[in-house]
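Just the heavy atoms: all of them, side chains too, but no hydrogens, waters or symmetry mates, feed the values below. Since the model is a prediction, treat every value here as computed from it, not as a measurement. The chains referred to below are lettered A, B, ... by the order of the sequence lines, with proteins before strands, and numbering in each begins at 1.
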There are 2 protein chains.
Amino acid sequence: MSKAPRLTRGVVSKLTGCNLETIRYYEQIGLMPPPPRSEGGHRLYDDNLLRRLNFIRRCRELGFSLEEVRGLLTLVDGGTYTRGEVKDRTVAHLRSVRSKIVDLKVLEKTLKEMVSKCVGDEVPDCPVIDALFRNDDRALSRSRPRSPIQGS
Amino acid sequence: MSKAPRLTRGVVSKLTGCNLETIRYYEQIGLMPPPPRSEGGHRLYDDNLLRRLNFIRRCRELGFSLEEVRGLLTLVDGGTYTRGEVKDRTVAHLRSVRSKIVDLKVLEKTLKEMVSKCVGDEVPDCPVIDALFRNDDRALSRSRPRSPIQGS
DNA sequence: CTTGAACCTGTAGGTACTACAGAGCGTAGG
DNA sequence: CCTACGCTCTGTAGTACCTACAGGTTCAAG
């Protein structure tokens, strides 16, 4: 029998890549529920909480603000929303997710081209991104998320 | 003949969706070069600067930290890097871009399923994201960007 | 030439972490 | 059982990245 490792804050931090202190912060602001504690008061997480934290962390890395993440989590948690509200919010999130995918694919394409050009002898002092991300249609309809991810 | 609109800070702000003050901030920290000024000292941008700001803004929305954006811009600006450095950095960026795309696609799929379930009568108080983003292979190799986008 | 919107600078405030100090818990080794 | 050392606890201060405001100047429409 493999013994299950105690999911303490430090372990969870390593497993998720989330900074140790940030875990406590997310609990403070109510993104993570307060976990059960040991006799002596140490936090003890479980798989559900681990997945939740993973979800939060990845959303942050994808440029969603804490409030947006909260919104997504509330959808999942089954909050006090009506059918219509849930659907509207989900559709809105879906739109912004798709917009991000589009932008990332453009960036991917550009970087890929840069790499292939770098095979040659010279740094192709490329004005590539100049051609990129011109100011297109979406200018006035952009979603403007607020989100930092400070790193360790 | 269509008259070209003067690209003042306010106009640029509206065109890019970037907060008025943030434009000045990016100039302060050297992400945007100081633009030419009018007689009276007002900033006057051009298409290049507009594209650059657009690029920065979108990168931020995609969860890249300011330092990562700076890195990307330096590649483009043709900095003082050697061939090898340029390539290594580009490949690294490419990897993180692809990782983001993967995550976003998972999220897209989940949200899509939620929407389709919302057609019915009930809010399907879905534990969907529970199954999502489990703690997979990448746990220890994650890139941990720092990035906020505060909103308007 | 007036007048109000847009811009200027400097500075203070806000969000989202991140690090530190000083004390307590927990467990492996003796 | 006891010690020792690492991990965790709390509160608080500091950092990164904006965002808003105050008090004054410029610009352009009328």
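In this structure, N19(A) atom CG and dA16(D) atom C1' are separated by 14 Å, rounded to whole Å. If you take CD of E27(A) and P of dA16(C), they are 18 Å apart, rounded to a whole angstrom. Atom OH in Y25(A) sits about 13 Å away from atom C1' in dA16(D), given to the nearest Å. Atom CD of Q28(B) is separated from atom P of dA20(D) by 16 Å (rounded to the nearest Å). Protein atom CD of E61(A) is 11 Å distant from nucleotide atom P of dC17(C), rounded to whole Å. Spacing between atom CE of M32(A) and atom P of dA16(C) amounts to 17 Å, rounded to whole angstrom units. Between the CZ atom of R70(A) and the C1' atom of dA16(C) there is a distance of 12 Å, rounded to whole Å. As a whole-Å value, the separation of E67(A) CD from dC17(C) P is 11 Å.
Each of I29(B) and E39(B) lies near DNA chain D, and the nucleotide nearest I29(B) is the one positioned closer to the 5' end.
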All N/O donor-acceptor pairs, side-chain side in residues 22-31 of chain A, below 3.5 Å, sequence neighbours left out:
residue : atom : partner : partner atom : Å
R24(A)  : NH2  : E21(A)  : OE1          : 3.4
Y26(A)  : OH   : R57(A)  : NH2          : 2.7
E27(A)  : OE1  : R43(A)  : NE           : 2.7

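Partners of K105(A) by side chain to side chain contact (heavy atoms under 4.5 Å, CB included), not counting sequence neighbours, listed by chain and number: I101(A), E108(A), I101(B), K105(B). For R6(A), there are no side-chain hydrogen bond (donor to acceptor under 3.5 Å, both in side chains) partners at least two apart in sequence or on another chain. Under the rule for a side chain to side chain contact (heavy atoms under 4.5 Å, CB included), the partners of P33(A) that lie at least two apart in sequence or sit in another chain are L49(A), R52(A). For R9(A), there are no side-chain hydrogen bond (donor to acceptor under 3.5 Å, both in side chains) partners, not counting sequence neighbours.
For the pair E61(B) and R58(B), the salt-bridge criterion is not met [side-chain N within less than 4.0 Å of a carboxylate O].
Under 4.0 angstrom from either OP1 or OP2 of dC27(D) there lies no side-chain N or O belonging to R6(B). Put simply, Y26(A) has a side-chain N or O that comes within less than 4.0 Å of OP1 or OP2 on dC17(C). Applying the 4.0 Å criterion to OP1 and OP2 of dC27(D), one finds that S38(B) has a side-chain N or O inside that range.
In terms of polar N and O atoms assigned as donor or acceptor, the side chain of E21(B) comes within less than 3.5 Å of the base of dC21(D) in a complementary pairing.
Hydrophobic clustering places L73(A) together with M32(A) (ILVMFWY residues linked when any side-chain heavy atoms are closer than 4.5 Å, directly or through intermediates).
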How would you summarise protein contacts on nucleotides 1-8 of chain C per nucleotide, using B for base, S for sugar-phosphate only and - for none, with heavy-atom distances below 4.0 Å?
------SS
